[in-house]
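Take a look at the structure below.
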2 protein chains.
Amino acid sequence: MIKNQAIKKPIYPYSEWEVIEDNFTIENNYRNETIFFLGNGYLGFRGNFEEGYHGPKGSGLDGTYINGFYETEVIKYGEIAYGFPEKGQTMLNVTNSKIIRVFIEDEEFTMLEGTLEEYKRTLSLREGMLKRNMIWRSPMGKRIKIEIVRFVSFTNKHQAVIRCEVIPLNFTGKIRIVSALDGNVTNITVDNDPRVGSGLHGRVLNVEHKEVASGVGLIVQRTKNSNLSLACAMVNQLETANRYTAADLEEDLEIRTEYLIDAQEGIPVTLNKFIAYVTSLDCAEDSIAALAKEIVSEAHHYGFEGLKKDQGQYLDHFWDTTDVEILGDLALQQGIRVNMFHLLQSVGRDGKTNIAAKGLSGEGYEGHYFWDTETYILPFFLYNNPEISRKLLEFRHSKLDKARERARQMSHSRGALFPWRGINGEECSAYYPAGTAQYHIDADIAYAVKRYMEATEDAEFMVHYGAEILFETARLWADLGSFIPNKESKFCINSVTGPDEYSAVVNNNCYTNLMARVNLYYAYETAQRMMRNYPAEYKLLVKKIGLSDDEVSFWKRAADNMYVPYDEKSGVYLQDDSFLDRAPWDFENTPEGQYPLLLHFHPLVIYRHQVCKQADLVLALLLLGDQFTLEEKRRNFDFYEPFTTHDSSLSTAIFSIIASEIGYREKAYQYFMSTARMDLDDYHGNTKDGIHAANMAGTWMCVVNGFAGMRAYEDGLHFNPTLPQNWEGYSFKVTYKGRLIKVEVERNGVNYSLLKGDEIQITSNGQKMLLR
Amino acid sequence: MIKNQAIKKPIYPYSEWEVIEDNFTIENNYRNETIFFLGNGYLGFRGNFEEGYHGPKGSGLDGTYINGFYETEVIKYGEIAYGFPEKGQTMLNVTNSKIIRVFIEDEEFTMLEGTLEEYKRTLSLREGMLKRNMIWRSPMGKRIKIEIVRFVSFTNKHQAVIRCEVIPLNFTGKIRIVSALDGNVTNITVDNDPRVGSGLHGRVLNVEHKEVASGVGLIVQRTKNSNLSLACAMVNQLETANRYTAADLEEDLEIRTEYLIDAQEGIPVTLNKFIAYVTSLDCAEDSIAALAKEIVSEAHHYGFEGLKKDQGQYLDHFWDTTDVEILGDLALQQGIRVNMFHLLQSVGRDGKTNIAAKGLSGEGYEGHYFWDTETYILPFFLYNNPEISRKLLEFRHSKLDKARERARQMSHSRGALFPWRGINGEECSAYYPAGTAQYHIDADIAYAVKRYMEATEDAEFMVHYGAEILFETARLWADLGSFIPNKESKFCINSVTGPDEYSAVVNNNCYTNLMARVNLYYAYETAQRMMRNYPAEYKLLVKKIGLSDDEVSFWKRAADNMYVPYDEKSGVYLQDDSFLDRAPWDFENTPEGQYPLLLHFHPLVIYRHQVCKQADLVLALLLLGDQFTLEEKRRNFDFYEPFTTHDSSLSTAIFSIIASEIGYREKAYQYFMSTARMDLDDYHGNTKDGIHAANMAGTWMCVVNGFAGMRAYEDGLHFNPTLPQNWEGYSFKVTYKGRLIKVEVERNGVNYSLLKGDEIQITSNGQKMLLR
């Protein structure tokens with residue numbers, strides 16, 4: 001089902017490398033805070049105004065986040081049962097360091113009063129900066145030119161910088177600039193939307209220490225339950241030809257440095273604010289304060305211009321290897337670039353963190369990590385910045401112990417069960433039918449390991465990280481499934497939920513069984529390979545996890561006998577054992593206002609019908625593309641499409657890609673349209689809660705896997721490029737086995753070029769060809 | 001699976017008409033409070049000591065309950081979804097009126113200090129009274145004889161009486177007796193056991209008014225959220241030949257009358273305390289205080305002895321029509337009588353209330369009503385005290401509007417869905433897989449209507465109450481099910497949970513489908529019958545609920561085509577579509593300490609295995625006994641028995657009955673043994689939380705439906721009596737179609753006698769016979 005997704009009037013003017021807002025309105029403020037967020041995978045700033053914002057309740061959310069820095073809280077259940085997670089986790093809104101307040105005599109600069117004679121906010125994707133250029137006239141008639149620039153550093157994850165320049169245009173007088181750190185921060189609380197609400201109420205970050213002197217300030221805060229601590233430091237530097245005095249102040253939970261300037265008409269006043277965050281997850285707790293101060297001090301000496309240059313260079317390199325160009329469609333060009341940029345801004349890359357469903361842009365889904373990482377986002381990095389994808393997998397490896405613990409809780413005597421959602425490696429899904437039951441998370445991670453290995457041949461990773469993940473997940477499947485006599489003694493996996501959350505706790509979800517099979521086979525093969533090639537390391541690992549030979553051979557037996565639900569009559573793979581036993585959803589009598597269904601129907605009502613929230617079997621058609629014929633793909637796509645509401649933002653990209661593959665070019669393009677600008681044009685109306693990171697990666701997949709038909713099978717890269725009618729051409733780059741390959745698709749043909757690395761064979765439209 | 005339920009050493013000495021405790025221990029106090037509870041279906045007193053009890057934390061629970069008097073509280077969900085009930089309901093612990101404190105000079109009488117030279121507590125099943133007879137020696141050596149008697153009136157539901165007699169045995173001196181009402185009451189809070197915990201925290205009953213003068217006291221309290229109010233009144237009357245003074249006092253939330261007596265050795269001092277409760281559910285809110293005072297005043301004038309006599313007469317009549325005699329087994333004789341007595345004490349009989357899972361004896365399951373009523377408890381009353389069973393059904397009828405509302409919430413455009421659990425008619429099951437998904441509640445209620453009609457021929461009930469229930473439940477099934485092409489276009493009912501809560505949200509639960517079929521057919525037939533016999537009333541009803549002829553004929557079509565899961569190969573009715581697709585539970589490696597499974601395994605682990613908490617299909621073998629051959633019953637019993645843990649107290653009675661029917665006499669007896677004294681001997685270790693009311697009724701069923709093989713089919717009563725080996729004989733009475741029939745089973749035969757009413761045909765061992 002493709003909903004009538006008429007191309008919306010763009011919210012922001014089209015632009016190749018920028019997102020520009022040229023008109024401030026309260027109504028759009030909340031959403032814009034998300035679109036204009038800045039981050040570096042560690043630290044995230046929502047696009048809040050430095051001077052603060054005091055609009056109507058619910059029209060904004062001041063947010064600063066550190067990836068993986070969370071508070072726990074007891075989950076309350078109406079009726080609890082054994083094994084329900086006891087504690088939730090929420091990514092915290094941390095010390096607010098964005099604050100720079102400007103006073104013109106006694107009038108405070110604010111977007112809500114006075115007149116904005118000129119206004120432009122620009123997110124520069126090449127510079128990695130957010131700028132506001134304004135001419136503001138105060139209620140009393142004083143005019144200033146004010147430019148505020150900020151960025152969150154890509155080269156030092158702890159660091160951010162803000163520069164604020166004020167020029168009096170029609171007066172000479174006092175200007176006061178206040179730069180502050182504020183420890184009085186809380187998370188948002190929403191009770192009625194399972195996609196937003198957190199269990200945190202009130203302030204959970206206590207201020208343990210604060211100091212400020214000579215423009216240098218520090219706040220140290222600590223969480224109540226998770227017992228994590230955090231230091232936030234600032235150095236302020238005023239540049240002006242005017243005379244001024246400075247003072248440092250503390251008040252409640254805030255520290256600040258105030259500058260009182262005898263400003264003269266036309267003479268600029270510039271404040272540079274250098275900011276750093278360090279947490280007890282980064283280093284020993286007693287070093288965080290010193291380290292934060294050291295970082296801001298170094299930044300101060302290095303200076304704004306130097307930092308800005310580094311930022312640009314980092315991005316130059318990023319775009320050099322990653323950019324996707326679309327010729328002839330500026331809207332989509334902008335959409336895909338914004339998406340790639342926000343992914344880069346959001347992804348944790350230190351091996352200790354991952355990427356939240358909303359990145360570092362908002363509080364939706366409480367900052368939790370999901371399968372979105374491996375299934376949607378990791379491929380984007382894998383084929384562009386493989387070192388980041390390795391770090392994402394290292395993160396999973398670091399949580400193996402907790403996953404083993406969870407497996408025991410779930411009565412699996414062996415193996416590891418990764419959490420469906422959470423931050424610190426512990427499960428915190430409080431609704432197991434669409435949480436813990438999604439065992440496929442294990443196979444998704446194992447599959448990502450396989451793809452990573454195929455694309456990088458990183459044996460060191462396999463030996464030290466990958467194999468253990470593969471073995472422990474394979475063990476889980478071995479313990480979870482059973483040979484069921486009533487199913488011809490095939491290996492069945494019961495009571496799980498597949499990707500489609502509109503069916504829950506089903507038997508033999510086809511996607512899950514197929515992915516588990518890959519998991520089991522690949523673990524088996526990896527064990528064989530390690531025995532041969534790394535016998536010592538294999539022995540060590542076997543000892544560490546107590547693995548027996550029988551187990552390894554069982555993996556193959558289970559995989560060989562995996563049950564795959566299939567309807568002979570229609571030639572359709574069944575989403576699960578009982579998909580055909582359900583009545584079709586009454587789409588005809590479901591008004592548009594009742595989507596997403598989950599907000600308008602009890603789960604039981606949804607579960608008893610043939611209706612899919614998102615790609616499930618269709619996703620398998622993509623991930624396991626070499627296991628299906630083209631005719632099968634067409635048949636299954638045709639079967640599932642009419643049942644699919646795409647109520648999940650993870651869906652349309654996958655449908656677009658398969659539509660491309662099976663030659664449904666019009667559909668492919670329509671589905672793509674609802675991915676590329678989903679957040680930029682706020683299709684789901686909830687961009688305010690944060691970006692849809694998986695969908696952003698889906699956009700890239702639509703182009704590369706969809707239109708260009710790229711598949712990474714065991715025999716290497718395959719391409720099958722098509723060109724959407726409306727486009728003149730497009731090009732992208734792929735990093736694969738150490739090579740950098742450029743693919744250019746134009747009206748009159750495709751051009752592959754090897755930009756870096758040794759010659760390599762690829763397959764184009766079924767033909768092998770050698771790139772050199 | 002029959003667990004090794006070795007006959008436990010009895011906790012209380014065997015006795016025909018009493019439960020006697022002759023030794024007080026702290027360890028057993030909590031449990032004894034349940035066993036010695038008193039109630040009349042409206043008001044319940046746990047067996048707390050009048051003087052109070054200050055033992056270790058968790059060794060007791062002071063409780064006074066009024067059936068249907070509840071507080072609501074917001075249910076917190078870890079992750080909420082559409083249609084989840086928003087508010088929970090908890091039967092409140094109300095004003096404590098039991099308090100009578102006795103002071104000997106300055107020493108306070110308490111069970112925990114001094115010496116109990118003699119001690120006996122007696123629950124008399126014939127008198128309906130609880131007595132404590134003690135000789136107590138104070139720590140300072142003063143000895144008193146003290147007898148405390150109390151009862152909760154069966155003839156005036158608002159009323160209770162306590163008499164306390166103290167005789168100094170070795171001294172002359174001051175005795176102080178304090179009689180109080182205490183408004184400072186709270187409910188228990190348990191967080192980790194879904195069978196006990198309530199959402200209420202702290203005191204929710206505010207004291208709005210209190211007064212006390214001349215031994216007459218009143219407290220009026222009001223709930224915070226549900227806005228119900230309650231008046232509790234007392235009149236105190238001191239009888240003694242000694243001189244005394246009296247004083248009335250108020251302190252905090254307590255009022256009291258104190259008597260200071262110049263007691264003389266050997267001269268008795270007796271306090272009569274008359275108590276009444278009236279709530280705003282009984283009458284206009286502004287009358288409750290006056291009515292409560294009126295009731296105590298009348299009771300006072302009528303006097304203790306009069307009230308006691310009325311109580312005895314009521315019970316004489318009860319036992320005359322209801323008693324079951326077991327000859328040759330005192331333990332079971334006691335067990336069954338205690339069970340029948342506690343049922344009588346628990347059942348609401350005013351049409352505004354029902355019977356809670358724990359009666360009025362404790363706070364387990366928050367005082368909620370379940371299907372236990374119709375399926376287990378109602379038959380006991382139906383065949384002994386049919387007027388009570390009618391009141392239970394009237395209660396359901398009175399909640400039809402709320403059930404219609406709930407059906408709409410669950411997206412059913414027609415029909416009514418009764419709550420799985422709750423008090424006020426609104427669903428408050430906070431875990432839908434073992435709650436709202438148990439749609440069978442609708443069929444259970446409809447089935448009870450059918451049985452009620454067959455046993456009473458109460459056409460007035462049918463026209464004014466029964467038909468509407470039948471029609472609205474039939475409509476629900478019609479809307480819920482679908483003709484599924486993949487199931488030969490049979491009428492299928494998907495995503496429901498049957499009685500067995502160890503499978504959840506399954507398709508075509510056999511029990512549910514069979515019971516829904518009865519519901520649909522009976523609704524159809526009732527509609528036909530009403531059209532013929534009560535055309536005016538039918539027209540009115542049709543208009544009231546907007547029923548169309550098409551709907552009525554659809555009921556028959558759905559029933560005619562009902563899908564019934566059945567395995568041809570084994571001849572077994574499948575509990576649900578996928579029962580054979582699951583792996584068997586590993587009973588061999590499940591240590592006894594891991595039962596009940598629900599407290600030791602995640603629901604998903606349980607759901608994915610072949611394991612049953614309780615009778616499911618086996619229950620259908622009983623309720624729909626005329627739809628199965630004996631051979632089928634045997635085959636299905638044999639199939640399901642090994643999978644069944646009987647973790648629910650609703651299970652063993654049903655297995656006992658079917659075992660009887662299929663000739664498994666040894667098993668029948670073993671299963672019966674674990675029902676009859678389940679609470680008396682505390683088999684489940686949780687009698688402290690309250691009686692297992694359904695199981696208590698199950699005991700009666702085991703004898704009457706089990707050993708005596710009674711079935712009420714459309715052609716009348718059938719019997720098929722057997723005599724357990726260990727017994728000499730047994731007898732019971734049945735009220736049916738206005739007749740009172742006595743059945744005596746002895747070693748050498750069966751004797752049926754008609755004690756009341758016109759001649760009637762019954763079937764004994766397949767032979768029709770006329771009783772006259």
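Below, chains carry the letters A, B, ... as their sequence lines are ordered, and counting in each starts from 1.
- Using a 4.5 Å cut-off between heavy atoms, Pro485(A) makes no contact with chain B at all.
- Interface check for chain B: of the options Gln409(A), His412(A), His600(A), Lys569(A), the most heavy-atom pairs under 4.5 Å are formed by His600(A).
- His609(B) does not touch chain A: none of its heavy atoms, backbone or side chain, sits under 4.5 Å away.
- With a 4.5 Å cut-off on non-hydrogen atoms, Ser495(A) touches chain B through its backbone and its side chain both.
- Rounding to the nearest 0.5 angstrom, the gap separating the CZ atom in Arg406(A) from the NE2 atom in His602(B) is 5.5 Å.
- Proximity to chain B is absent for every atom of Phe483(A), based on heavy atoms less than 4.5 angstrom apart.
- When each of Val496(A), Val505(A), Leu480(A) is tested with Leu604(B) by the rule side chain to side chain contact (heavy atoms under 4.5 Å, CB included), just one qualifies, namely Val505(A).
- For Ser411(A) against Phe601(B), the heavy-atom pair with the smallest separation is OG-CD2, 3.1 Å.
- Taking a 6.0 Å sphere around NZ of Lys76(B), one finds it holds 12 or fewer heavy atoms contributed by other residues, nucleotides or ligands.
- We find the NZ-CG distance between Lys487(B) and Leu580(A) to be 10.0 Å, quoted to the nearest 0.5 Å.
- Atom CD of Gln610(B) is separated from atom CG of Asn494(A) by 10.0 Å, given to the nearest 0.5 angstrom.
- Neither the backbone nor the side chain of Pro85(B) comes within less than 4.5 Å of any heavy atom of chain A.
- In this structure, the portions of Asp581(B) lying under 4.5 Å from any heavy atom of chain A include both its backbone and its side chain.
- Open room surrounds NZ on Lys87(A); 12 or fewer heavy atoms of other groups in view lie less than 6.0 Å from it.
- Listed here is the closest heavy atom pair of Ala583(B) and Ser482(A): CB-OG, 3.4 Å.
- If you measure heavy-atom distances from Phe579(B) to chain A, you find no contacts under 4.5 Å at all.
- The heavy-atom pair separating Tyr82(A) from Pro603(B) by the smallest distance is O-CD, 3.5 Å.
- Most heavy-atom pairs under 4.5 Å with chain A, from the set Val605(B), Ile606(B), Val74(B), Ile75(B): that is Val605(B).
- Neither the backbone nor the side chain of Tyr563(A) comes within contact range of chain B; no heavy atoms are under 4.5 Å apart.
- Rounded to the nearest 0.5 angstrom, Asn507(A) CG and Arg608(B) CZ are separated by 9.0 Å.
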